[in-house]
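If you scroll down you'll find the structure; I have some questions about it.
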Amino acid sequence: MVSKITIKAPSSTANLGPGFDVFGLAVDAFYDEVTLTKTKKGITIVTDDNVPTNPENNTAGLVVKNMKKKFKIKDGIEIKIKKGVPAGFGMGSSAASAAATAVAFDKLFGLKLDGNSLVEFAGSGEKASAGSVHYDNVAASVLGGFVIVKTVPLDVIKIEPPKNLRMCVAVPKLEVPKKKTKVSRGVIPKQIKLTDSILNLSNASAIVAGFMKNDPDLIGNSIKDVIVEPARQHMIPGFAKVKQNALKAGALGVTISGAGPSVIAFAKTSSDLKKISSAMSRGFASANTKCQTVICKPSNGAIDRKSS
Ligand code: HSE
C-alpha cells in the first residue's frame, strides 16, 4: 500500500489579458513540489519556505482538509511543501501547491478522480490566499496547457498550446502586500461599459481561436484587455514602459500575469526572446525596480507527472 507520494505542479499565468478568471496557461518557469505522507492523525505542514503552517491558512492544508472530509478518510496527513513558484507575484504560486496536493491526495488514496473534480478540490485551497475561489490558475496547474474555465457547473476545457509558443516573464523585486490577490481584486470595477465588454469578448474569442489554430501571432495580438489591466497597472511600477519596450523588441502581446505584479510577454520560438526579456528589465529599471526575467514555454500539468 502506498503511504507517501510526491507530485510537482507548474506555475501558471491567469487571464491572458481579456480572459479574467477564465483563461489559464501552465508555464514551465517554476514548480512546486508536495509530498504527502500518511500519519496516525491530524494534518501537519512541514516546510522550509515562508508559507503559513496552520493548515487552515495554507492552500495545501485546505485541500487536504476538504478531501479528507469528502472521502471520510481517517488517516492523518503530513504535507511537505517545497516552493519553487515565487509567492504573491502572479505566477500561480498558491495554485501550484494546491494542484500538486489534490493530485497527490488522489493518488495516495487511489480515488481516481476526473480532471474537473481535481480542479474543484485544488480550487477550494485558493480561498486561503485569494479570499474567494477562482479556478484559472489551479485548472492550468492541474491539467497543463491552456485552459478555459466554465463555472456553474465547473467544467474545464483544455487546449494543447502551439509548440512554438514562448513567453518572457518579468518578476519585479517588490514588496507585495499580504493577501495580494485579494487586494488586487479590490481595484477592479464592479460595473463595466458594454463597449468594453464587447472589445474584451472579441479578443478573448480570438485567443481561443489562436490556440485552436496553433497560431501564436493571433494569440499574442489578441492579448488586449481594456477592463482589468487599466485598473491594476498602477500597482506595477514601470508597467507601461515594460509593455512598450517588450512590444518594440518584438513581443506579440504583453499583459499582467494573473493579479501581478509580474508582466508576461507572448512570443514564439523565432522571436528574439533575450531581446524581449532585457527590454522588459529596462522597463522596470526605468521605475527603479529590479526584476528577474524567465523565458518559458507551456507546461504539462501535475496530473501528467509521474509520482515518486
Ligand atoms: N484571475 C485571478 C485574478 C488570478 O486576476 O485575480 C489570480 O492569480
Side-chain angles (χ1 to χ4, degrees), residues 9-27 29-30 32 51 59-60 62-63 83-100 119-120 122-143 146-152 154 156-157 167 169-172 174 176-190 192 196-197 200-201 203-204 207-208 223-236 239 253-264 266 296 299 301:
S11 49
S12 57
T13 185
N15 305 338
L16 290 90
F20 180 71
D21 277 4
V22 174
F23 292 167
L25 177 69
V27 294
F30 310 102
D32 274 8
V51 291
T59 48
L62 279 179
V63 174
K83 293 295 299 175
V85 188
F89 287 88
M91 296 308 297
S93 178
S94 52
S97 294
V119 170
E120 189 145 25
S124 72
E126 281 280 72
K127 251 199 181 138
S129 68
S132 59
V133 186
H134 58 96
Y135 295 98
D136 42 6
N137 290 107
V138 278
S141 228
V142 169
L143 302 173
F146 173 66
V147 292
I148 301 167
V149 177
K150 282 179 74 184
T151 44
V152 208
L154 180 67
V156 183
I157 300 153
M167 280 71 59
V169 178
V171 184
L174 292 174
V176 283
K178 272 208 156 63
K179 303 263 177 193
K180 180 229 59 191
T181 303
K182 202 174 173 185
V183 173
S184 52
R185 288 173 86 79
V187 302
I188 300 167
K190 303 248 173 329
I192 55 169
D196 287 347
S197 147
N200 268 29
L201 180 59
N203 280 312
I207 289 172
V208 173
I223 306 252
K224 289 186 187 118
D225 166 22
V226 294
I227 299 170
V228 179
E229 185 181 295
R232 279 180 170 169
Q233 62 180 27
H234 71 275
M235 301 171 93
I236 307 173
F239 175 79
V254 181
T255 191
I256 301 170
S257 182
S262 297
V263 179
I264 185 162
F266 289 78
C296 55
S299 171

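Counting convention: from 1, in listed order, for ligands and their atoms alike. Because only heavy atoms are used, hydrogens play no part in the values below, and waters and symmetry mates are left out as well, while side chains stay in.
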Please list, by chain and number, the protein residues whose heavy atoms come under 4.0 Å of ligand 1.
A14, N15, F20, D21, H134, D136, N137, T181, R185, R232, G258, A259
For the atom pair CD1 (I207) and CZ (F146), what is the distance rounded to the nearest 0.5 Å?
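The CD1 atom of I207 sits 6.5 Å away from the CZ atom of F146.
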Partners meeting salt bridge (charged side-chain N to carboxylate O under 4.0 Å, His left out) with K224 (sequence neighbours left out)
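For K224 there are no salt bridge (charged side-chain N to carboxylate O under 4.0 Å, His left out) partners, ignoring immediate neighbours.
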Among all residues two or more places apart in sequence or in another chain, which pass the salt bridge (charged side-chain N to carboxylate O under 4.0 Å, His left out) test with E120?
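Per chain and number, E120 pairs via salt bridge (charged side-chain N to carboxylate O under 4.0 Å, His left out) with no residue.
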Closest approach of D225 to V228 (non-hydrogen atoms, all atoms of both residues)
OD1-N, 3.0 Å
Contacts of N203 that satisfy side-chain hydrogen bond (donor to acceptor under 3.5 Å, both in side chains) - sequence neighbours left out
none
K180/M235 under side chain to side chain contact (heavy atoms under 4.5 Å, CB included): CA gap, chis, key distance, verdict
CA-CA 11 Å; K180 180 229 59 191; M235 301 171 93; 6.0 Å; no
